[in-house]
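Reviewing the structure listed below.
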Amino acid sequence: MKTEEILAKDLNAEKWIREKVRELRKKVGDGLAINALSGGVDSSVVTALGHRALGDRLKTCFIDNGLMRQGEPRRVAALFRRIGVTVEIIPARKAFFAALKGITDPEEKREAITQTFYKNVFRDIVLESGAKYLLQGTILTDVDETVAGIKRQHNVFEQLGIDPQKAFGYRILEPLIQFRKDGVRKLGQALGLPEAAFMRTPFPGPALAARVIGEVTPARIAMVRKATAIAEKWLIRSGAFQYLAILHEDRVTGMKGGKRVFGNQIEIRCWDSLDARTATPTRLPFETLEKIADGIVHAIPEVVSVTYNITSKPPSTIEAI
Ligand code: XMP
(Lines give C-alpha, C1' and ligand atoms only; values in the text may rest on other atoms or scores of the structure.)
Protein backbone atom coordinates (compact mmCIF):
# COMPACT_ATOMS: atom_id res chain seq x y z
CA MET A 1 0.00 0.00 0.00
CA LYS A 2 1.34 3.42 -0.96
CA THR A 3 1.92 5.80 1.96
CA GLU A 4 -0.02 9.04 1.64
CA GLU A 5 2.24 12.07 1.94
CA ILE A 6 1.39 14.96 4.29
CA LEU A 7 2.98 18.16 3.01
CA ALA A 8 4.46 20.48 5.64
CA LYS A 9 2.30 23.36 4.37
CA ASP A 10 -0.91 21.33 4.90
CA LEU A 11 0.06 20.10 8.37
CA ASN A 12 -1.91 21.21 11.43
CA ALA A 13 0.80 20.03 13.84
CA GLU A 14 -1.19 20.30 17.11
CA LYS A 15 -4.16 18.39 15.69
CA TRP A 16 -1.94 15.71 14.13
CA ILE A 17 -0.03 15.24 17.41
CA ARG A 18 -3.28 14.87 19.41
CA GLU A 19 -4.51 12.18 17.02
CA LYS A 20 -1.18 10.33 16.88
CA VAL A 21 -0.87 10.35 20.68
CA ARG A 22 -4.32 8.74 20.92
CA GLU A 23 -3.41 6.17 18.26
CA LEU A 24 -0.08 5.24 19.90
CA ARG A 25 -1.71 4.82 23.32
CA LYS A 26 -4.33 2.56 21.82
CA LYS A 27 -1.80 0.47 19.92
CA VAL A 28 0.69 -0.02 22.75
CA GLY A 29 -2.11 -0.48 25.33
CA ASP A 30 -0.75 -1.41 28.76
CA GLY A 31 2.47 -2.68 27.21
CA LEU A 32 5.89 -1.13 26.74
CA ALA A 33 7.59 0.38 23.72
CA ILE A 34 11.21 1.20 23.10
CA ASN A 35 13.01 3.59 20.81
CA ALA A 36 16.55 4.32 19.75
CA LEU A 37 17.55 7.96 19.79
CA SER A 38 20.48 8.90 17.55
CA GLY A 39 20.29 12.66 18.07
CA GLY A 40 19.18 13.19 14.47
CA VAL A 41 16.06 15.24 13.77
CA ASP A 42 13.71 12.31 13.06
CA SER A 43 14.62 10.16 16.06
CA SER A 44 14.48 13.23 18.34
CA VAL A 45 10.96 14.06 17.18
CA VAL A 46 9.82 10.44 17.59
CA THR A 47 11.26 10.41 21.11
CA ALA A 48 9.32 13.56 22.06
CA LEU A 49 6.11 12.27 20.47
CA GLY A 50 6.47 8.83 22.04
CA HIS A 51 7.04 10.27 25.51
CA ARG A 52 4.04 12.55 25.16
CA ALA A 53 1.93 9.48 24.29
CA LEU A 54 3.43 6.84 26.56
CA GLY A 55 5.43 8.59 29.29
CA ASP A 56 7.49 6.06 31.23
CA ARG A 57 6.12 3.21 29.14
CA LEU A 58 8.56 4.27 26.44
CA LYS A 59 12.18 3.31 27.10
CA THR A 60 14.66 5.43 25.13
CA CYS A 61 18.14 4.12 24.31
CA PHE A 62 21.10 5.67 22.60
CA ILE A 63 23.12 2.95 20.88
CA ASP A 64 26.72 4.09 21.11
CA ASN A 65 27.88 2.40 17.91
CA GLY A 66 31.22 4.25 17.78
CA LEU A 67 30.09 5.96 14.56
CA MET A 68 28.49 9.07 16.07
CA ARG A 69 29.64 12.66 16.04
CA GLN A 70 32.00 14.15 18.66
CA GLY A 71 30.59 14.13 22.20
CA GLU A 72 27.21 13.06 20.84
CA PRO A 73 26.04 10.35 23.28
CA ARG A 74 26.44 12.59 26.32
CA ARG A 75 25.20 15.74 24.54
CA VAL A 76 22.01 14.06 23.37
CA ALA A 77 21.33 12.40 26.73
CA ALA A 78 21.80 15.76 28.52
CA LEU A 79 19.52 17.61 26.09
CA PHE A 80 16.72 15.11 26.62
CA ARG A 81 17.28 14.97 30.38
CA ARG A 82 16.48 18.70 30.43
CA ILE A 83 13.03 17.96 28.98
CA GLY A 84 12.40 15.09 31.36
CA VAL A 85 13.36 12.12 29.16
CA THR A 86 15.84 9.58 30.50
CA VAL A 87 18.15 8.16 27.85
CA GLU A 88 20.08 4.98 28.48
CA ILE A 89 23.41 4.86 26.63
CA ILE A 90 24.17 1.34 25.37
CA PRO A 91 27.85 0.67 24.55
CA ALA A 92 28.04 -1.27 21.25
CA ARG A 93 31.17 -0.08 19.44
CA LYS A 94 32.83 -3.47 19.27
CA ALA A 95 29.85 -5.13 17.56
CA PHE A 96 29.64 -2.44 14.85
CA PHE A 97 33.35 -2.27 14.05
CA ALA A 98 33.54 -6.06 13.94
CA ALA A 99 30.62 -6.18 11.48
CA LEU A 100 32.17 -3.47 9.28
CA LYS A 101 35.66 -4.99 9.18
CA GLY A 102 36.93 -5.51 5.64
CA ILE A 103 33.76 -4.21 3.91
CA THR A 104 34.16 -1.55 1.23
CA ASP A 105 30.98 -1.85 -0.86
CA PRO A 106 28.46 0.89 0.14
CA GLU A 107 25.37 -1.34 0.16
CA GLU A 108 27.18 -4.10 2.06
CA LYS A 109 28.20 -1.53 4.67
CA ARG A 110 24.61 -0.36 5.03
CA GLU A 111 23.42 -3.96 5.36
CA ALA A 112 26.07 -4.75 8.00
CA ILE A 113 24.93 -1.75 10.06
CA THR A 114 21.25 -2.66 9.70
CA GLN A 115 21.81 -6.27 10.77
CA THR A 116 24.06 -5.31 13.68
CA PHE A 117 21.61 -2.71 14.91
CA TYR A 118 18.30 -4.55 14.56
CA LYS A 119 19.43 -8.13 15.11
CA ASN A 120 22.62 -8.32 17.14
CA VAL A 121 22.32 -5.30 19.43
CA PHE A 122 18.69 -4.24 19.57
CA ARG A 123 16.94 -7.61 19.62
CA ASP A 124 18.37 -8.48 23.05
CA ILE A 125 17.57 -5.02 24.40
CA VAL A 126 13.97 -5.22 23.21
CA LEU A 127 13.48 -8.77 24.48
CA GLU A 128 15.03 -7.98 27.88
CA SER A 129 12.87 -4.86 28.26
CA GLY A 130 9.69 -6.79 27.47
CA ALA A 131 8.72 -4.18 24.85
CA LYS A 132 6.47 -5.30 22.01
CA TYR A 133 7.11 -2.32 19.78
CA LEU A 134 10.05 -0.39 18.49
CA LEU A 135 9.13 3.20 17.71
CA GLN A 136 11.29 4.65 14.96
CA GLY A 137 11.60 7.79 12.87
CA THR A 138 11.43 6.47 9.31
CA ILE A 139 10.28 9.25 6.95
CA LEU A 140 8.94 9.20 3.42
CA THR A 141 12.28 10.13 1.81
CA ASP A 142 13.87 7.02 3.42
CA VAL A 143 11.15 4.83 1.94
CA ASP A 144 11.23 6.45 -1.52
CA GLU A 145 14.98 6.08 -1.93
CA THR A 146 14.99 2.50 -0.72
CA VAL A 147 12.08 1.38 -2.88
CA ALA A 148 13.54 3.16 -5.91
CA GLY A 149 16.78 1.21 -5.32
CA ILE A 150 18.85 4.39 -4.84
CA LYS A 151 20.03 3.60 -1.31
CA ARG A 152 18.98 0.95 1.14
CA GLN A 153 18.13 3.20 4.08
CA HIS A 154 18.86 1.55 7.39
CA ASN A 155 15.32 1.77 8.72
CA VAL A 156 13.07 0.49 5.91
CA PHE A 157 11.64 -3.06 6.05
CA GLU A 158 7.98 -3.58 5.28
CA GLN A 159 8.18 -1.80 1.93
CA LEU A 160 10.88 -4.34 0.98
CA GLY A 161 8.69 -7.27 2.07
CA ILE A 162 10.64 -7.81 5.33
CA ASP A 163 8.45 -8.56 8.37
CA PRO A 164 10.33 -7.17 11.41
CA GLN A 165 8.42 -9.49 13.74
CA LYS A 166 9.77 -12.51 11.86
CA ALA A 167 13.23 -11.08 11.13
CA PHE A 168 13.97 -9.53 14.53
CA GLY A 169 11.25 -10.62 16.97
CA TYR A 170 9.44 -7.29 17.48
CA ARG A 171 7.06 -4.98 15.68
CA ILE A 172 7.99 -1.53 14.42
CA LEU A 173 5.83 1.61 14.59
CA GLU A 174 6.69 4.50 12.27
CA PRO A 175 4.60 7.53 13.20
CA LEU A 176 6.51 9.95 10.90
CA ILE A 177 6.24 7.86 7.76
CA GLN A 178 3.98 10.36 5.92
CA PHE A 179 6.38 13.30 6.29
CA ARG A 180 9.51 14.75 4.82
CA LYS A 181 12.11 16.66 6.81
CA ASP A 182 10.27 20.02 6.73
CA GLY A 183 7.11 18.42 8.17
CA VAL A 184 9.11 16.60 10.86
CA ARG A 185 10.70 19.90 11.94
CA LYS A 186 7.25 21.50 12.25
CA LEU A 187 6.20 18.63 14.53
CA GLY A 188 9.38 19.00 16.61
CA GLN A 189 8.59 22.64 17.23
CA ALA A 190 4.96 21.91 18.13
CA LEU A 191 6.13 19.20 20.55
CA GLY A 192 8.20 21.81 22.40
CA LEU A 193 11.59 20.34 21.56
CA PRO A 194 14.53 22.77 21.81
CA GLU A 195 15.60 24.15 18.42
CA ALA A 196 18.96 22.45 18.95
CA ALA A 197 17.12 19.14 18.45
CA PHE A 198 14.79 19.75 15.52
CA MET A 199 16.69 22.38 13.48
CA ARG A 200 19.95 20.41 13.39
CA THR A 201 21.59 19.40 10.16
CA PRO A 202 20.12 16.00 9.21
CA PHE A 203 22.28 13.03 10.17
CA PRO A 204 21.91 9.57 8.60
CA GLY A 205 21.11 6.35 10.44
CA PRO A 206 24.39 4.67 9.41
CA ALA A 207 26.04 7.73 11.00
CA LEU A 208 29.65 8.60 10.10
CA ALA A 209 29.98 5.24 8.30
CA ALA A 210 27.92 6.87 5.51
CA ARG A 211 30.76 9.37 5.18
CA VAL A 212 33.75 7.03 4.97
CA ILE A 213 34.55 5.73 1.49
CA GLY A 214 36.28 2.38 1.74
CA GLU A 215 36.75 0.41 4.95
CA VAL A 216 35.25 1.79 8.17
CA THR A 217 37.84 1.47 10.95
CA PRO A 218 38.05 3.27 14.31
CA ALA A 219 41.00 5.34 12.99
CA ARG A 220 39.16 6.39 9.81
CA ILE A 221 36.01 7.24 11.78
CA ALA A 222 38.14 9.35 14.14
CA MET A 223 39.39 11.36 11.12
CA VAL A 224 35.95 11.99 9.67
CA ARG A 225 34.58 12.80 13.14
CA LYS A 226 37.14 15.58 13.61
CA ALA A 227 36.49 16.93 10.10
CA THR A 228 32.72 16.85 10.73
CA ALA A 229 33.09 18.86 13.94
CA ILE A 230 35.08 21.52 12.06
CA ALA A 231 32.65 21.63 9.11
CA GLU A 232 29.67 21.91 11.48
CA LYS A 233 31.36 24.69 13.48
CA TRP A 234 31.82 26.86 10.37
CA LEU A 235 28.56 25.96 8.64
CA ILE A 236 26.01 25.92 11.46
CA ARG A 237 25.05 29.51 10.66
CA SER A 238 25.15 29.07 6.87
CA GLY A 239 21.39 28.50 6.60
CA ALA A 240 22.11 25.39 4.51
CA PHE A 241 19.88 22.31 4.72
CA GLN A 242 22.72 19.88 5.42
CA TYR A 243 26.52 19.93 5.61
CA LEU A 244 29.05 17.20 6.09
CA ALA A 245 32.60 15.95 5.67
CA ILE A 246 33.58 12.80 3.80
CA LEU A 247 36.80 10.80 4.04
CA HIS A 248 37.99 9.50 0.68
CA GLU A 249 39.69 6.20 0.05
CA ASP A 250 42.19 7.52 -2.49
CA ARG A 251 45.27 9.22 -1.19
CA VAL A 252 47.17 12.08 -2.79
CA THR A 253 50.68 13.44 -2.55
CA GLY A 254 51.14 16.35 -0.17
CA MET A 255 53.87 18.04 1.89
CA LYS A 256 54.25 18.14 5.66
CA GLY A 257 57.29 19.67 7.42
CA GLY A 258 59.09 19.98 4.07
CA LYS A 259 58.68 16.26 3.35
CA ARG A 260 56.56 14.40 0.80
CA VAL A 261 53.63 12.51 2.31
CA PHE A 262 50.94 10.41 0.72
CA GLY A 263 47.96 11.72 2.66
CA ASN A 264 44.20 11.54 3.02
CA GLN A 265 41.55 13.65 1.35
CA ILE A 266 38.46 15.15 2.95
CA GLU A 267 35.54 16.36 0.84
CA ILE A 268 33.12 18.95 2.22
CA ARG A 269 29.51 18.98 1.06
CA CYS A 270 26.99 21.68 1.91
CA TRP A 271 23.47 21.47 0.49
CA ASP A 272 20.55 23.77 -0.19
CA SER A 273 17.40 21.65 -0.20
CA LEU A 274 13.84 21.58 1.07
CA ASP A 275 13.31 17.88 1.61
CA ALA A 276 16.51 16.06 0.54
CA ARG A 277 14.92 14.70 -2.65
CA THR A 278 16.92 17.13 -4.76
CA ALA A 279 19.69 19.43 -3.57
CA THR A 280 22.15 21.99 -4.88
CA PRO A 281 25.54 22.90 -3.41
CA THR A 282 25.41 26.05 -1.27
CA ARG A 283 27.36 28.98 -2.77
CA LEU A 284 29.53 29.41 0.29
CA PRO A 285 31.91 32.37 0.66
CA PHE A 286 35.43 31.30 -0.28
CA GLU A 287 36.66 32.60 3.12
CA THR A 288 34.43 30.06 4.88
CA LEU A 289 35.83 27.24 2.73
CA GLU A 290 39.38 28.37 3.52
CA LYS A 291 38.64 28.40 7.26
CA ILE A 292 37.27 24.86 7.05
CA ALA A 293 40.27 23.63 5.05
CA ASP A 294 42.74 25.29 7.45
CA GLY A 295 40.94 23.88 10.48
CA ILE A 296 40.94 20.38 9.04
CA VAL A 297 44.59 20.18 7.96
CA HIS A 298 45.69 21.53 11.36
CA ALA A 299 43.47 19.24 13.41
CA ILE A 300 44.09 16.09 11.34
CA PRO A 301 47.76 15.67 10.40
CA GLU A 302 46.95 12.72 8.10
CA VAL A 303 44.92 15.00 5.76
CA VAL A 304 46.66 16.89 2.94
CA SER A 305 43.72 17.84 0.71
CA VAL A 306 40.27 19.36 1.34
CA THR A 307 37.81 19.76 -1.54
CA TYR A 308 34.26 21.14 -1.93
CA ASN A 309 31.59 19.28 -3.89
CA ILE A 310 29.92 21.38 -6.60
CA THR A 311 27.63 18.72 -8.08
CA SER A 312 23.84 18.78 -7.51
CA LYS A 313 21.62 15.88 -6.41
CA PRO A 314 20.90 14.21 -8.82
CA PRO A 315 23.25 12.81 -10.02
CA SER A 316 25.05 13.21 -6.67
CA THR A 317 23.39 12.12 -3.43
CA ILE A 318 23.65 13.95 -0.11
CA GLU A 319 25.75 11.35 1.69
CA ALA A 320 28.73 9.59 0.16
CA ILE A 321 27.65 5.97 0.46
P1 XMP B 1 20.97 10.75 0.22
O2 XMP B 1 22.39 10.52 0.60
O3 XMP B 1 20.27 9.50 -0.21
O4 XMP B 1 20.24 11.21 1.55
O5 XMP B 1 20.78 11.86 -0.79
C6 XMP B 1 18.96 11.80 1.64
C7 XMP B 1 18.73 12.17 3.10
O8 XMP B 1 18.59 10.99 3.89
C9 XMP B 1 19.65 10.91 4.85
N10 XMP B 1 20.07 9.50 4.88
C11 XMP B 1 19.58 8.61 5.74
N12 XMP B 1 18.72 8.75 6.75
N13 XMP B 1 18.91 6.43 7.21
C14 XMP B 1 18.39 7.66 7.51
O15 XMP B 1 17.63 7.76 8.47
C16 XMP B 1 19.78 6.20 6.21
O17 XMP B 1 20.23 5.08 5.97
C18 XMP B 1 20.14 7.36 5.44
N19 XMP B 1 20.96 7.54 4.37
C20 XMP B 1 20.90 8.86 4.02
C21 XMP B 1 20.72 11.87 4.39
O22 XMP B 1 21.52 12.35 5.45
C23 XMP B 1 19.90 12.95 3.71
O24 XMP B 1 19.39 13.88 4.64
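Order of appearance sets the numbers: ligands from 1, and atoms from 1 within every ligand.
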Report task. Record the part of E319 in heavy-atom contact with ligand 1 below 4.0 Å; permitted values are side chain, backbone, both and neither. Result -> both
Requested in this report: Could you see which bit of T141 sits under 4.0 Å from ligand 1, with heavy atoms only: side chain, backbone, both or neither?
Outcome: neither
Those atoms of ligand 1 less than 4.0 Å from some heavy atom in [X]:
| X | value |
| --- | --- |
| T317 | 1 (P), 2 (O), 5 (O) |
| N155 | 15 (O) |
| P202 | 24 (O) |
| K313 | 1 (P), 3 (O), 5 (O), 6 (C) |
| R110 | 16 (C), 17 (O), 18 (C), 19 (N), 20 (C) |

Which protein non-hydrogen atom lies closest to [atom], naming both residue and atom, and how far is it?
| atom | answer |
| --- | --- |
| atom 15 (O) of ligand 1 | H154 CE1, 3.3 Å |
| atom 2 (O) of ligand 1 | K151 NZ, 2.6 Å |
| atom 4 (O) of ligand 1 | I318 CB, 3.9 Å |
| atom 7 (C) of ligand 1 | A276 CB, 3.8 Å |

Query raised in the report: Is there any N or O on D42 that sits under 3.5 Å from an N or O of ligand 1?
Result: no
Query raised in the report: For ligand 1, is there an N or O atom under 3.5 Å from any N or O atom of F241?
Result: no
Query raised in the report: What closest approach, in Å, do I318 and W271 show between heavy atoms, and which atom pair accounts for it?
Result: O-NE1, 3.3 Å
Query raised in the report: Can you tell me if R277 has a non-hydrogen atom under 4.0 Å from ligand 1?
Result: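 No; R277 lies far enough from ligand 1 that no heavy-atom distance drops under 4.0 Å.
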Report task. Work out whether the distance between some heavy atom of P206 and some atom of ligand 1 is less than 4.0 Å. Result ->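 A heavy atom of P206 does come that close to ligand 1.
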Report task. With atom 11 (C) of ligand 1 as the reference point, say which of E145, Q242, Q153, R152 has the nearest heavy atom. Result ->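 It is Q153 that holds the nearest heavy atom.
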**Report entry** Per atom 14 (C) of ligand 1, closest listed option by heavy atom (G205, G40, S38)
**Finding:**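 Looking at heavy atoms only, the winner is G205.
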[X] bridged to [Y] by N-O distance under 4.0 Å:
| X | Y | result |
| --- | --- | --- |
| R18 | E14 | no |
| E19 | R22 | no |
| D42 | K181 | yes |
| R220 | E215 | no |
| E319 | K109 | no |

**Report entry** Any side-chain donor near an acceptor of the partner, H51 and T60, under 3.5 Å
**Finding:**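 Looking only at side-chain atoms, T60 and H51 do form a donor-acceptor pair, the distance falling under 3.5 Å.
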**Report entry** Flag for T141-R277: side-chain donor and acceptor within less than 3.5 Å
**Finding:**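 Result is no, nothing qualifies.
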**Report entry** Ring centroid separation F157 to F168 under 6.0 Å
**Finding:** yes
Report task. Look at the side chain of E145 and the backbone N and O of I150, then say whether any donor-acceptor pair between them is shorter than 3.5 Å. Result -> no
**Report entry** Parallel, tilted or perpendicular: ring planes of F122 versus F117, cut at 30 and 60 degrees
**Finding:**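 Judged by the thresholds at 30° and 60°, the geometry between F122 and F117 is parallel.
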